[in-house]
Amino acid sequence: MQKADIGLIGLAVMGQNLVLNMHDHGYKVAVYNRTTARVDEFLAGPAADTGIIGTHSLEELSVVLKKPRKVMLMVKAGEVVDAFIEQLLPHLEAGDIIIDGGNSLYTDSNRRTRELAAKGILFIGSGVSGGEEGARRGPSIMPGGNPAAWPQVQQIFQDIAAKVNGEPCCDWVGEEGAGHFVKMVHNGIEYGDMQLICEAYDFLRRGLGLSVPEIAAIFDEWNRGSLESYLMEISSEILTYQEADGTPLVDKILDAAGQKGTGKWTGINALELGVPLSLISEAVFARFISAMHEERQRAAAVLPGPDTIFAGEVQEYVQALHDALYAAKIVSYAQGYLLMRAAAGEYGWHLNYGGIARMWRGGCIIRSVFLDNISQAYSADPDLENLLLADFFAGALAKAQMGWRRVVAKCAELGLPAPALSSALAFYDGYRSHRLPANLLQAQRDYFGAHTYERVDRPRGEFFHTDWTGRGGKVASGTYNV
Ligand code: 6PG
């Protein structure tokens with residue numbers, strides 16, 4: 001029997017579609033699933049007459065694979081991945097490759113790369129984005145891990161990945177957990193983009209009083225310009241979808257958001273690395289508030305909002321909202337890139353920032369024309385300190401900022417929550433401020449805890465303590481930053 005180029009474990013939606021995608025590209029694939037009946041169902045159903053090899057044990061899987069063996073796990077992140085690795089090891093030999101394509105926490109991938117390298121096994125932790133359709137027709141793939149494994153899987157991965165202008169949306173991201181880290185940031189950005197679109201919908205609906213079909217038409221129009229993106233496109237389609245009685249389905253959907261955790265990880269990571277990732281964090285919090293559904297019903301009966309009703313030119317505000325969305329989106333990506341830079345510094349990864357934008361241009365959930373502009377900004381200056389400072393984005397923000405301010409102000413006036421739009425504006429104004437009120441904050445810290453401060457008229461790194469009340473001691477607390 002012809003041996004398989006690659007084995008895949010885990011025949012849920014993503015796994016099945018990746019296998020079929022690999023098969024379409026001429027690869028011989030072997031599959032295994034813990035509930036082995038699913039292997040048989042797959043072979044009798046979607047994989048009928050393909051020659052895909054079904055196996056019913058890990059031993060059988062290891063026997064049918066070409067060496068060095070390549071085994072891709074598409075199973076639930078966490079302990080299940082470790083359990084499969086443990087069970088696989090007796091059937092593998094030095095130089096074999098294990099690929100984890102789930103949404104794993106990058107610190108787990110850091111650990112797995114090291115632990116497996118010690119056993120001679122090459123590990124790849126890879127982000128795979130694009131949902132069912134992407135997996136089948138071409139996802140965005142973000143592999144990281146043991147660099148020695150990359151040449152062995154590069155051809156398969158780049159063949160099955162989405163293509164933009166002929167370039168695959170897949171390249172080596174970096175060492176250890178870098179691939180899963182970049183996928184985590186992708187998901188955080190996905191949370192931010194989705195929340196921004198939801199805030200825009202809310203402003204148009206509750207703020208300006210537009211109907212669902214009118215909003216669908218606006219999103220459709222925006223999807224033809226600088227806001228063109230997969231998420232904008234599907235949002236317009238969602239708003240167009242009607243139930244049998246002709247009413248929009250979106251109106252019947254309960255406003256309580258779920259989440260699987262990658263957005264939350266992004267926020268936690270930003271706090272740990274000291275990065276002001278405000279928009280994505282607010283997007284996670286907005287999901288939490290939405291999930292407090294019953295409590296919100298009680299609060300709505302008690303807590304007043306303003307009586308203001310929108311008065312003004314609807315068309316003007318639609319344009320201002322477009323600008324607000326664009327500007328906030330720029331901030332969100334700038335924050336995401338700040339986080340990647342911080343992680344690269346912390347872990348010693350060599351991330352290719354322009355390459356990451358190119359990987360996200362196609363196949364994945366956040367794909368958009370906007371990513372071309374990011375890729376160009378990093379091509380022009382690979383060491384760009386902050387995306388906001390690139391000529392293209394600084395110019396775009398200069399044009400959009402007044403509309404953005406008007407929308408955020410209007411939201412406050414009307415009592416509409418816009419946490420992503422407004423936190424992005426606060427970041428923008430904070431980031432461009434010569435002087436922030438942290439002088440007072442430092443004084444407060446020094447007053448109550450002798451935490452010391454630096455002075456504007458002295459070099460950085462010199463610390464001072466004042467006995468503010470005349471009753472304090474002379475001992476300053478240590479100067480350290482978390
Ligand atoms: C992708 C997505 C995917 C994610 C889902 C659900 O890139 O294909 O990011 O990986 O798991 O979109 O995420 P939440 O349940 O957290 O919204």
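Basis for what follows: all heavy atoms, side chains included, without hydrogens, waters or symmetry-related copies. Counting starts at 1 for both ligands and their atoms, in listed order.
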Legend entry - Residue and atom name of the nearest protein heavy atom (relative to atom 13 (O) of ligand 1), distance in Å to one decimal: E190 OE2, 4.2 Å
Legend entry - Ring-ring centroid check W265 Y106, cutoff 6.0 Å: no
Legend entry - Under 4.0 Å to a heavy atom of Y191 - the qualifying atoms of ligand 1, by number: 14 (P), 16 (O), 17 (O)
Legend entry - Proximal ligand 1 atoms for N187, defined as those under 4.0 Å from one of its heavy atoms: 4 (C), 7 (O), 9 (O), 10 (O)
Legend entry - V153 and its side-chain contact (heavy atoms from CB on, under 4.5 Å) partner, picked from I99, D5, L122, I141: I99
Inset, instruction - Tell me, please, whether F370 has K329 positioned over its six-membered ring: NZ or CZ under 6.0 Å from the ring centre and within 45 degrees of its axis? - result: yes
Legend entry - M184, portion touching ligand 1 at heavy-atom distance under 4.0 Å: neither
Legend entry - Atom indices of ligand 1, in the order listed, that fall short of 4.0 Å to a heavy atom of G131: 8 (O)
Legend entry - Ring centre gap for F393 and Y333 strictly below 6.0 Å: no
Inset, instruction - Would you check if the distance from the ring center of W404 to the ring center of Y428 is below 6.0 Å? - result: yes
Inset, instruction - For I365, counting its heavy atoms only, list the atoms of ligand 1 lying under 4.0 Å from any of them. - result: 1 (C), 2 (C), 7 (O), 8 (O)
Legend entry - Proximity of Y201 and F219 rings by center, below 6.0 Å: no
Legend entry - Spatial distance of atom CD1 (I238) from atom CG (L249) [nearest 0.5 Å]: 9.0 Å
Inset, instruction - Provide, to 0.1 Å, the distance between atom 8 (O) of ligand 1 and the closest protein heavy atom, together with that atom's residue and name. - result: G130 N, 3.0 Å
Inset, instruction - Would you tell me which option among R287, K260, R367, M14 has the nearest heavy-atom contact to atom 17 (O) of ligand 1? - result: R287
Legend entry - Option passing side-chain contact (heavy atoms from CB on, under 4.5 Å) with M142 (candidates K183, M184, H180): K183
Legend entry - Closest protein heavy atom to atom 7 (O) of ligand 1, given as residue, atom name and distance to 0.1 Å: S129 OG, 2.4 Å
Legend entry - Residue H186 vicinity, atoms of ligand 1 by number, heavy atom under 4.0 Å: 7 (O)
Legend entry - Nearest protein heavy atom with distance in Å, relative to atom 11 (O) of ligand 1: N103 ND2, 3.2 Å
